[in-house]
Amino acid sequence: MITDVDADGTGTAEPGAAKPAAGEPGAGGTSTVLPELEIDVTPTFVIAAAVATRDFQDVHHNRDRAVERGGKDIFVNVLTTSGLVQRYVTDWAGPDAFVRQIAIRLGVPCYAGDKLTFSGKVIEAGGAERLVEVVGRCSLGDHVTGTVRIGLGEPCEAGGPAGSAGSAP
């Protein structure tokens with residue numbers, strides 16, 4: 001499990017935390033369970049992440065406005081949540097992994113002062129792709145659920161997306 005995540009998104013792994021073996025990024029087939037990621041959702045984290053994603057909505061940095069609008073405190077924005085879901089999967093999969101697709105559904109808000117814990121498992125494995133089911137939970141319940149499809153290896157193959165090797169100018 002990774003704990004003690006700072007506002008810049010860095011964290012430290014607990015001793016003995018499960019990581020893919022060298023040469024085996026994202027190793028594992030269907031039903032492989034990813035190690036949990038726990039994030040301490042401090043007010044600084046919520047505000048810094050909102051500003052970093054250029055989301056200046058006051059509910060992400062002004063507690064009084066968030067409460068006036070029905071919240072109990074400032075809360076994590078959707079861009080941060082999306083980025084954390086992707087980071088969770090790519091940190092597990094290794095440096096050669098790239099996100100092909102992400103599909104998320106927001107649930108309950110994740111307020112400052114809470115903890116956000118990600119868990120996941122591989123639900124499809126084929127060739128150089130994995131589909132990972134992800135859940136991010138806080139004290140109120142599921143903050144985010146969804147899937148992330150990753151590729152392992154070269155992201156730009158012939159016939160790939162525009163601008164990749166082999167595509168027409």
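Between the side chain of H143 and the backbone N or O of G136, no donor-acceptor pair lies under 3.5 Å. At distances below 3.5 Å, not a single donor-acceptor pair connects side-chain atoms of T80 with backbone N or O atoms of V76. At least one donor-acceptor pair closer than 3.5 Å links the side chain of T53 to the backbone N or O of A49. Without hydrogens or angle criteria, Y111 side chain to L140 main chain gives no donor-acceptor distance under 3.5 Å.
Think of V67 as one node in a network of Ile, Leu, Val, Met, Phe, Trp and Tyr side chains linked at under 4.5 Å; it has no links at all. Taking Ile, Leu, Val, Met, Phe, Trp and Tyr as members and joining any whose side-chain heavy atoms lie under 4.5 Å apart, directly or through other members, the hydrophobic cluster of I123 also contains L131.
Contacts of H60 classified as ring pair (Phe, Tyr, Trp, His ring centres under 6.0 Å), with partners at least two apart in sequence or in another chain: F75. Under the side chain to side chain contact (heavy atoms under 4.5 Å, CB included) criterion, T30 pairs with A125, not counting sequence neighbours.
Here the side chains of V122 and W92 are in contact, with some heavy-atom distance below 4.5 Å. Counting only heavy atoms from C-beta outward, the side chains of L34 and Y88 approach each other to under 4.5 Å. Side-chain contact check for N77 versus D55: some heavy-atom pair is nearer than 4.5 Å.
Distance check, rounded to the nearest 0.5 Å: CD of E124 to OG of S31 gives 11.5 Å.
Linking Ile, Leu, Val, Met, Phe, Trp and Tyr residues whenever their side-chain heavy atoms come within less than 4.5 Å leaves I39 and V135 in two separate clusters.
Under the 4.0 Å criterion applied to side-chain N and carboxylate O atoms, R100 and E129 are assigned as salt-bridge partners.
Side-chain polar atoms of T90 and Q86 form no donor-acceptor pair below 3.5 angstrom.
Contacts classified as salt bridge (Lys or Arg N to Asp or Glu O under 4.0 Å) and involving residues 107-120 (residues at least two apart or in different chains) are given here: D40-K115. Sorted by first and then second residue, the pairs that involve residues 64-74 and meet side-chain hydrogen bond (donor to acceptor under 3.5 Å, both in side chains), not counting sequence neighbours, are D58-R69.
For the side-chain contact (heavy atoms from CB on, under 4.5 Å) with V144, the lone residue among V78, V134, I104 that qualifies is I104.
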